[in-house]
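Below is one structure, written out as structure tokens; comments come after it.
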Amino acid sequence: MAEAPYAGPVVEFRNVSKTFGNYKACIDISFQIERGEFFSLLGPSGCGKTTTLRLIAGFEEPDRNGGEVRIDGQLVNTQRPYERQLGMVFQNYALFPHLTVERNIAFGLEMRGTPKAEVPGRVEKAMSMVRLDPGLFARRKPAQLSGGQRQRVALARALVLEPRILLLDEPLGALDLKLRKEMQLELKQLNKDLGMTFVFVTHDQEEALTMSDRIAVMSNSRIAQLGTPAQIYECPRTPFVARFIGESNFFEGKCVERQGDGWLVEGEGARFEVPNHPGLSEGGAVRIAVRPEWLDVFRPDAVPPGENALPGVVRTVIYLGETLHVLVRVGQREVAVAVRNEGQLTRPLTFKAGDAVVVAWMRDDCQVLEEDG
Amino acid sequence: MTVRQRFLRFFHERPHLKAWALLAPGMGWLLLFFVVPLLMMFGYSFMPRNPLGGVDAGFTLENYARFFDPLYLKIVLKTVGYALSCTALCLLLGFPVAYAIARAGRLRNFLIFLVMLPFWTSFLVRMYAMMFMMRDSGLINSTLISLGVIETGFEMLSTPFAVLTGLVFGFVPFMVLPIYSSLEKLDLSLLEAASVLGARPAKSFVRVTLPLAMPGVVAGSLLVFIPALGSFLTSDVLGGAKEVLVGNLVQNQFGSARDWPFGSAASFVMMTLVLGAVTVYLRVRDAGEAMEK
């Protein structure tokens, strides 16, 4: 009788902490990863994302009384990596230099006692899965491969075991930009085709946004925010997330009074409205993030009625191709405004550096931030 | 142009000449003090011995024929036996030490320093120190007696035990250092990768650590085996008259026996033996590597 598949989360962290000496690498981390999900751990170096991945792999154990790590519902805190039946792609690929490509890929099968007759077929299948020609590469040693090819071998070595979960530790970091974009799409496709759960560690926010179903943004050993790419980008919860994912302009002020279902705020040398947020109260401080593309630049006499407006002076215009970034000095701040490029040769912008302008946005096109956790 | 500029220009325009100019002093030295004496010895080994201790002109195979006397063949076998046992023991003792040092983190350099410390004293002095330890009233016996473990001292000197202990003590650093340098380069993420792939620690040692340490094991084995085969000091000091090895034989022929032609012939037989053994060893290793593919 086949075992009924476990329906709960594939990976679950319950208040997990991990300390190395005096250094707390993970503090009270909780999350759940669903079956088949492409889940990213995103953050700057030293934020705890790699330690989190190593806790899943079993290279690290949580602290004593440091919470629970569960895989398929089973408590695995002290289970060794070779008992977990996971797949992993390492940052430096960690291919065995003394073995050929096919022996590298067959390694896990041999360790798990796969019948000898099955091995060559499965190796070949794994190689074609990552688009490596077995005839060309099977007998090469890792030293005879390019970075991209090594990456594919590392991937095949993990996939050949058909693991429940594939862990990827910044696997694209060493590839050049074009190859990286290509691999991003391929990984995403593999994740969907195989229905395998992918846990992906990266410090590259763009990569995380492109590939992930959900992202856990980590900062200072904690999860700063967990959500879909759209939630993370459009509703960053803290200044750290707003800054780390994409670009943000920050405005501060003090809540003066209720205004409809929002608040009227005094700050930045003017008054503007913000939507309501549980953390706001009369007289309290408020900080908002506004994405460059949510802002607009107008001549002082042409501001649409009802929009929040802050007067400033154009400092410079940066030509980026698809968009133009207009940098405007508003009080002490430099505000970046992204403007769609409608053709600078045919329909150039009507203002230039030194012009007095107004930076404006709709009340709800902003995110009220909480303090960094 | 100054002389210096001309000099530099001259060599700059002739890169090959520059390489030869750099090689010349060292090559000249080796030619004069290694190749020429070696050729002279090769010549002596085919010449008859002068009754007064010199070498007479002429050609003979007598010296080589003499070497194949059962008396001398026994010495050769014994020597090879000592060299092999010494290499095996050094490997057994040295590998764990090298492995531990490679994993010792910050203590690494200090531990390597300790391994090299014996080189600060001469080999001869170290062998005499061993002799003082092992003689009838030496440190080992007197300690055991004062502890009441034994009543009369062991006779250790002039036994195979003493010679083998001395050889291992003398040569074990040559095993530790190359193995250490192989293991130190071993990327720990390879062991993690093996672990995720399902290899228990013992399996990943056999399948990953050991194969990657092989270059060190091969180098260490050669560095121990070759000098052990030619050693004469250890057996002289610790083995006395009983444990005569080929090295002692050669030494005696050039020394007290004053039979240079025979000593030369013995040297060349040993050299052939060493080259043969090394060739076989490397062939076997390459075959093993080819099988991995």
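In what follows, every heavy atom counts, from backbone to side chain, and hydrogens, waters and symmetry copies are set aside. Throughout, protein chains are lettered first and strands after them, A, B, ... in sequence-line order, and every chain is numbered starting at 1.
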Does atom [atom1] of [X] have more than 12 heavy-atom neighbours from other groups under 6.0 Å away?
{"X": "Asn109(B)", "atom1": "CG", "answer": "no"}
{"X": "Arg14(B)", "atom1": "CZ", "answer": "yes"}
{"X": "Lys78(B)", "atom1": "NZ", "answer": "yes"}
{"X": "Phe11(B)", "atom1": "CZ", "answer": "yes"}
{"X": "Lys188(A)", "atom1": "NZ", "answer": "yes"}
{"X": "Glu124(A)", "atom1": "CD", "answer": "no"}

Can you say whether [X] sits under 4.5 Å from chain B via the side chain, the backbone, both, or neither, judging by heavy atoms?
{"X": "Arg157(A)", "value": "both"}
{"X": "Leu167(A)", "value": "neither"}
{"X": "Glu110(A)", "value": "side chain"}

Side-chain polar contacts of residues 113-121 of chain B - donor-acceptor pairs under 3.5 angstrom, sequence neighbours left out - could you list them?
residue, atom, partner, partner atom, Å
Thr121(B), OG1, Pro118(B), O, 3.1

If you define the side chain from C-beta out and look only at heavy atoms, does anything of [X] sit under 4.5 Å from [Y]?
{"X": "Glu192(B)", "Y": "Met88(A)", "value": "no"}
{"X": "Phe96(A)", "Y": "Leu197(B)", "value": "yes"}
{"X": "Arg207(B)", "Y": "Met111(A)", "value": "yes"}
{"X": "Phe59(A)", "Y": "Val196(B)", "value": "yes"}

- Which atom pair, heavy atoms only, marks the closest approach of Leu95(A) to Leu190(B)? O-CD2, 3.1 Å
- Task: Of all the heavy-atom pairs spanning Phe107(A) and Ala199(B), show the shortest one and how long it is.
- Result: CE2-CB, 4.1 Å
- Gap between atom OG of Ser195(B) and atom CZ of Arg84(A) - 0.5 Å precision: 9.5 Å
Sequence neighbours left out, cut at 3.5 Å: what donor-acceptor pairs do the side chains of residues 190-201 of chain A make with other protein atoms?
residue, atom, partner, partner atom, Å
Asn191(A), ND2, Gly36(A), O, 3.4
Asn191(A), ND2, Met196(A), O, 2.7
Lys192(A), NZ, Asp213(A), OD2, 3.1
Asp193(A), OD1, Gln189(A), NE2, 3.2
Thr197(A), OG1, Gly36(A), N, 3.0

- Message: Counting heavy-atom pairs under 4.5 Å with chain B, which one of Leu86(A), Asn92(A), Leu161(A) comes out on top?
- Response: Asn92(A)
